[in-house]
Amino acid sequence: METGRTITLGQTRADIERAAGILRSGGLVAFPTETVYGLGADATSDLAVAGIFAAKDRPRFNPLIVHLAEPEAARDLAEMDHSAERLADAFWPGPLTLVLPLKPDAGLSALATAGLSSVGLRCPAHPVAHALLTATGRPVAAPSANPSGKVSPVTAAHVLTGLDGRIDAVVDGGRSDVGLESTIIGLTDDVPRLLRPGGIPAEEIEAALGRKLMPPEKTEAPNAPGQLASHYAPGALLRLNATDPRAGETFIGFGPGAADFNLSPAGDLREAAANLFPILRELDASGIEAAAIAPIPNKGLGTAINDRLARAAAPRPSGPSAGA
Ligand code: TXA
Ligand code: MG
């Protein structure tokens with residue numbers, strides 16, 4: 001998938017169908033939205049979402065925005081309270097992302113939400129984005145379509161400058177006219193919070209809500225998952241870079257060899273990234289108290305996997321809300 005060339009598709013029905021087919025089969029497609037171009041993957045597939053992090057060379061698994069064709073679809077994935085309904089009504093489709101409590105049976109990849117119990121949702125207004133999302137028929141996770149640390153792209157040519165050969169396709173839909181990412185509003189506690197300023201001015205959102213927006217909680221800022229040391233801690237104590245399990249430890253392998261769980265028997269980092277959250281979850285579900293994890297090479301996606309494992313293994317703050 002990453003070895004071939006990136007194809008450029010236009011806006012014909014056949015092109016959109018082709019792009020949707022690539023997304024449904026787990027590929028990566030960059031597409032225009034009115035804010036910036038997004039790098040899309042099937043949000044229900046761990047392996048597809050892992051591909052986003054690989055293509056962007058992201059050093060961390062931060063939560064991605066999940067894009068929907070229709071506002072109604074949000075209710076299947078997240079708890080929509082009165083404020084959420086009001087903002088969705090007023091600004092969707094458009095450059096607004098709502099961070100909402102995730103429904104447990106939403107069926108989204110845990111990698112798309114970075115294992116959080118919330119999800120960022122957005123219905124883009126761009127007609128090409130809308131057509132692609134409709135044709136795909138699934139939620140599509142998409143960060144901006146640029147290599148990590150680079151400027152967000154607003155044309156297909158910008159996308160190719162950064163990601164040519166690393167993604168399957170880009171749909172060329174002209175220049176994104178907002179040119180600024182979506183405004184992100186957090187609605188996971190009693191007060192609406194401005195998590196990221198963006199395409200819709202905060203004042204317009206406050207007017208629609210009839211109340212003031214609060215700043216993010218320290219633990220809820222857009223990049224907070226990276227800042228809160230033990231945010232993704234499973235119940236088990238984790239020992240990293242272990243070549244063998246000690247007595248009483250469950251062994252999580254990487255590469256060939258005996259193990260209770262294996263992030264990737266083939267030693268493939270993308271597969272390991274896709275299996276990471278499901279395995280951590282499985283440790284909790286099985287009530288495992290101690291686990292040892294094989295060394296993961298610290299290159300490519302391995303950097304993000306090691307970052308997440310280091311957080312999961314960090315000493316826990318006491319208190320009920322530390323995990324996610
Ligand atoms: O305009 C946009 O928002 C573009 C287009 C492609 O839709 N997307 C975009 O995605 O800017 P990205 O990945 O570059 O930014 C996503 C931001 C991150 O800062 C992330 O932390 C925040 O959204 N986010 C997503 N889900 C979240 C959640 N559950 N809790 C807190 N923050 C979340
Ligand atoms: Mg970005």
Side-chain angles (χ1 to χ4, degrees), residues 28-41 43 49 52-53 55-56 58 60-69 74 77-79 84 91-103 106 108-126 128-130 132-133 139-156 158-159 162-163 170-171 173 176-189 192-200 215-228 231-232 304 324:
L28 300 178
V29 177
F31 62 97
T33 83
E34 70 278 24
T35 56
V36 299
Y37 273 66
L39 177 57
V49 175
I52 291 179
F53 291 94
K56 285 183 63 99
R58 267 208 180 167
R60 284 188 178 159
F61 296 126
N62 50 339
L64 305 177
I65 295 172
V66 173
H67 297 70
L68 306 170
L77 303 178
E79 304 294 343
F91 299 108
W92 279 353
L96 174 73
T97 295
L98 297 177
V99 172
L100 302 167
L102 175 66
K103 283 195 172 168
L108 294 178
S109 158
L111 207 48
T113 56
L116 292 167
S117 53
S118 59
V119 59
L121 297 177
R122 164 157 125 81
C123 294
H126 196 293
V128 175
H130 184 258
L132 178 62
L133 291 165
V140 171
S144 52
N146 50 277
S148 185
K150 296 283 170 25
V151 175
S152 296
V154 296
T155 66
H158 292 170
V159 172
L163 298 175
V170 56
V171 180
S176 298
D177 46 39
V178 177
L180 196 72
E181 277 100 345
S182 60
T183 303
I184 305 182
I185 302 297
L187 293 172
T188 52
D189 57 344
R193 297 179 186 277
L194 178 62
L195 302 186
R196 178 179 75 183
I200 299 176
E217 273 184 320
K218 280 236 164 49
T219 58
E220 265 208 289
N223 291 310
Q227 289 152 9
L228 187 61
H231 204 89
Y232 302 106

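Atoms within a ligand are numbered from 1 in the order they appear, just like the ligands themselves.
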Heavy atom of [X], distance to ligand 1 below 4.0 Å:
X	result
Arg58	yes
Pro95	no
Thr113	no

Would you mind listing which atoms of ligand 1 come within a distance below 4.0 Å of any non-hydrogen atom of [X]?
X	result
Ser118	28 (C), 29 (N), 30 (N)
Gly38	6 (C)
Ser144	9 (C), 10 (O), 14 (O)
Ile65	3 (O), 8 (N), 9 (C), 10 (O), 16 (C), 23 (O)
Ile184	17 (C), 22 (C), 23 (O)
His67	5 (C), 6 (C), 7 (O)
Glu181	1 (O), 2 (C), 11 (O)

Short side-chain to backbone donor-acceptor contact, [X] and [Y], under 3.5 Å:
X	Y	answer
Arg122	Leu98	no
Arg196	Thr183	no
Ser144	Asn146	no
Lys150	Lys56	no
Thr97	Ser182	no

Measuring from [X]:[atom1] to [Y]:[atom2], what's the distance to the nearest 0.5 Å?
X	Y	atom1	atom2	answer
Thr188	Leu195	OG1	CG	7.5 Å
Asp177	Thr33	CG	OG1	9.5 Å
Leu121	Leu96	CG	CG	10.5 Å
Thr113	Asn62	OG1	CG	11.5 Å

Contact (N/O only, under 3.5 Å) between [X] and ligand 1:
X	result
Thr35	yes
Thr33	no
Tyr37	no
Ser182	yes

Point to revise | With Val36, the side chain to side chain contact (heavy atoms under 4.5 Å, CB included) member among Val178, Val154, Val159 | key: Val154
Check your understanding: Of the choices Pro63, Gly120, Ser152, which has the non-hydrogen atom that lies closest to atom 24 (N) of ligand 1?
Key ->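 The residue whose heavy atom sits nearest atom 24 (N) of ligand 1 is Pro63.
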